[in-house]
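Below is one structure, written out as structure tokens; the observations come after it.
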Amino acid sequence: MHEPFVVVFLGPLGTYSHQVNLPASNQLLPVADARVSDAVASRAAHAGVIPQENSIFGSVAETYDALRKPNVGFVQGEVVLKVQHCLLAPRGVKRDDIRCIKSHEQALGQCRGFLAQYFPAASLEKMPSTAAAAKAVLGSCDSAAICSSICTTVFDGLEILYEGIQDQDSNYTRFYILSATRNTTLPPPTYPIPGQTRCLIRLSSVSNDASRPPLIMQLLAALALPVSRLDRRPQLESTQLFQDVYFVEVAREDTDHSERWILGIERAIENVRTVGSEAELLGIW
Ligand SMILES: O=C(O)C(=O)Cc1ccccc1
């Protein structure tokens, strides 16, 4: 018997992370708060599902904050999920009773228009996840949660007041599949398509001269790869104010041979280090 391949996701049951389509052989385990990357780094799980970007609200800040840490793991795949938000309340609670709406920051952000139009006076409460919000409103007489309709089957006593409340009908979230090391082999099928087509690189400048802030352009010029997306978060423990860490994704051209492409990426990372900046390969998939 093989040991099960354990994948952690942002819990409790009923989150969008839980609904990401993974191979059936995986053993799925919910973890609380934003502890998914910690569970992967500490080898409590083989891999984890982390939300990376939403088509309405943008990058998931807490994911990039986790990716700033040393030894954060290695992105081995991506999965895109269609997200349809609902407003759920305990059975019997009416629209006019609602004073407080709870959810994950991303879900509150994806439904800003709906909230402003239908609940301009309600207080908004940020929760660790959408399903944590659903669980928290159980038994309340004046609170509702923004979450997936699946939460009505996970938690008894909730009903749907509104469906499809995100600001655009088309709403997708992209998740990274994070493993502990580059050498972890994910069980097939691979995500999303066979053949490695993307990589994620973390870049930061090392500069002690406050009068000459590092130029992003210099980092990217040293990297000299066709960057397809760029994210930025404050650098932790930097010697200067407002120094940033950059996360770049590079997409492989169809004409590029996979192994040659990976060698090129490794060489580009060495080149950034040669000019005195930091570069780390955080994923290939
Ligand atoms: O809280 C959840 O359900 C998550 O998985 C994070 C999230 C929240 C909103 C949209 C997509 C992912």
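First listed ligand is number 1; within each ligand, the first listed atom is number 1.
H85 pairs by the ring-ring contact (aromatic ring centres under 6.0 Å, His included) definition with Y16, not counting sequence neighbours. In this view, E159 satisfies the salt bridge (Lys or Arg N to Asp or Glu O under 4.0 Å) rule with no residue, not counting sequence neighbours.
In the hydrophobic clustering, where aliphatic and aromatic side chains (Ile, Leu, Val, Met, Phe, Trp, Tyr) are joined below 4.5 Å either directly or transitively, Y172 groups with V80.
For the atom pair OG of S170 and CD of Q84, the computed distance is 9.5 Å after rounding to the nearest 0.5 Å.
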Tabulating one pair per line, provide the atom names and distances (0.1 Å) for every N/O atom of ligand 1 that is less than 3.5 Å from a protein N/O atom.
unit_1   : atom_1 : unit_2 : atom_2 : d
ligand 1 : 1 (O)  : T130   : N      : 2.8
ligand 1 : 1 (O)  : T130   : OG1    : 3.4
ligand 1 : 3 (O)  : Y16    : N      : 2.9
ligand 1 : 3 (O)  : T130   : OG1    : 2.5
ligand 1 : 5 (O)  : S17    : N      : 2.9
ligand 1 : 5 (O)  : S17    : OG     : 2.6

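The closest side-chain heavy-atom distance from I284 to I265 is not below 4.5 Å.
Using the six-membered ring where Trp is involved, Y64 and Y176 have ring planes that are perpendicular, over 60° apart on the 30 and 60° scheme.
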